[in-house]
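Presented below is the structure to which this report refers.
Whatever order the structure lists ligands and atoms in, that order sets their numbers, starting from 1. Throughout, residue positions are numbered sequentially from 1 according to the sequence presented.
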Amino acid sequence: MSHELRQPLNAITGYSELMRMGVRGPVTQQQLDDLERIRASSTHLTTLIGDILEFARIEAGRLSYSPTDVPLGATLAEVTTFIAPQLEAKRLSYDFQRCDSALTIHADRDRFVQAVLNLLTNATKYTESGGSITLSCALVGTAQNTVAVRVADTGIGIPKEKLLHIFDPFVQAHRSLNRPTEGVGLGLAIARDIARNMGGDLTVQSEEGVGSTFVLTLPRGGSES
Ligand code: ADP
């Protein structure tokens with residue numbers, strides 16, 4: 001399925017790039033502007049298709065997990081480098097409260113990175129310029145065998161009545177036509193499925209106009225029997 005969906009998109013991107021480069025003849029500034037719009041929309045569509053395919057794989061139980069003990073601090077530091085350009089572009093302040101360097105989680109590393117990245121991407125997307133985002137971690141639970149990774153923002157928040165459904169696939173709390181860069185409402189569904197498939201969970205607390213805090217819990221590493 002992936003190939004069938006991506007192939008026509010690659011053709012659209014490829015041919016419009018040829019035109020943009022002038023290979024098919026001279027192009028006017030107006031045509032260049034239109035070609036840029038085609039490029040931006042194709043890139044966006046590629047991301048959306050990626051999300052839908054990923055979700056379909058999860059739903060079909062076809063996503064494989066290879067859990068190991070993953071060093072938490074180093075991995076979160078790496079995720080931070082992925083999100084840095086978006087933070088900078090929106091002039092958001094970012095506070096990464098480093099965790100104990102010896103702390104590990106028992107998880108599939110790549111899936112964990114994907115879940116945290118989905119949360120951080122949302123935090124940057126739904127926080128106005130000048131706001132702030134905090135990434136932190138803590139040991140929780142009576143036996144201290146669960147790790148909580150928190151992504152908190154001072155963004156637009158989520159209306160109370162939408163909070164219950166925010167993790168359902170294709171649910172968007174702030175849908176509006178003038179937001180061409182929006183996703184399809186799968187980022188949170190994917191992140192929670194990933195967390196649950198690794199023995200953890202994803203929860204949220206939010207207040208409209210104040211901000212949101214997403215908490216991703218996962219089993220602590222090194223405690224497997
Ligand atoms: P998408 O961002 O692609 O719409 P998600 O599943 O990632 O889909 O999020 C679902 C909805 O939850 C978003 O459309 C948005 O309304 C809301 N949301 C997610 N994260 C945040 C956040 N940090 N602050 C405010 N609203 C959020």
Check your understanding: Are Leu186 and Leu188 grouped together when hydrophobic residues (ILVMFWY) are joined by side-chain heavy atoms under 4.5 angstrom apart?
Key -> yes
Exercise for review: Give the cluster check for Val79 versus Leu87: same hydrophobic cluster or not, with ILVMFWY residues linked at side-chain heavy-atom distances below 4.5 Å.
Suggested key: yes
Check your understanding: Are more than 12 heavy atoms from other residues, nucleotides or ligands located less than 6.0 Å from atom CD of Glu88?
Key ->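 No, the 6.0 Å shell around CD holds no more than 12 heavy atoms from other groups.
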So is [X] polar-close to ligand 1, meaning N/O to N/O under 3.5 Å?
| X | value |
| --- | --- |
| Gly187 | yes |
| Ala173 | yes |
| Leu188 | yes |
| Ile166 | no |

Review point. Just checking, any donor-acceptor pair under 3.5 angstrom between side chains of Thr80 and Tyr94?
Key: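 A donor-acceptor contact under 3.5 Å links the two side chains.
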Check your understanding: Do Asp34 and Gln30 have side-chain atoms, one donor and one acceptor, less than 3.5 Å apart?
Key ->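 No, because no side-chain N or O of Asp34 sits under 3.5 Å from a partner of the opposite role on Gln30.
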Per-residue contact class, [X] against ligand 1 - non-hydrogen pairs under 4.0 Å:
| X | answer |
| --- | --- |
| Asp51 | neither |
| Lys125 | side chain |
| Val171 | backbone |
| Phe214 | side chain |
| Val184 | backbone |

Practice item. Could you list which atoms of ligand 1 come closer than 4.0 Å to a heavy atom of Gly185? Key: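 Near Gly185, the atoms of ligand 1 are 1 (P), 3 (O), 4 (O), 6 (O), 8 (O).
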Exercise for review: Of all the heavy-atom pairs spanning Tyr65 and Asp193, show the shortest one and how long it is.
Suggested key: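 Closest pair (atom of Tyr65, atom of Asp193, distance): OH-O, 4.2 Å.
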Review point. For Arg150 and Thr134, what are the C-alpha separation, side-chain angles and deciding distance, and is it a side chain to side chain contact (heavy atoms under 4.5 Å, CB included)?
Key: CA-CA 8 Å; Arg150 286 195 180 82; Thr134 306; over 6 Å; no
Check your understanding: Looking at side-chain heavy atoms only, is the closest gap between Asn197 and Ile58 below 4.5 Å?
Key ->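 Yes, at least one pair of side-chain atoms sits under 4.5 Å.
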Check your understanding: Heavy atom of Gly157 under 4.0 Å from ligand 1?
Key -> yes
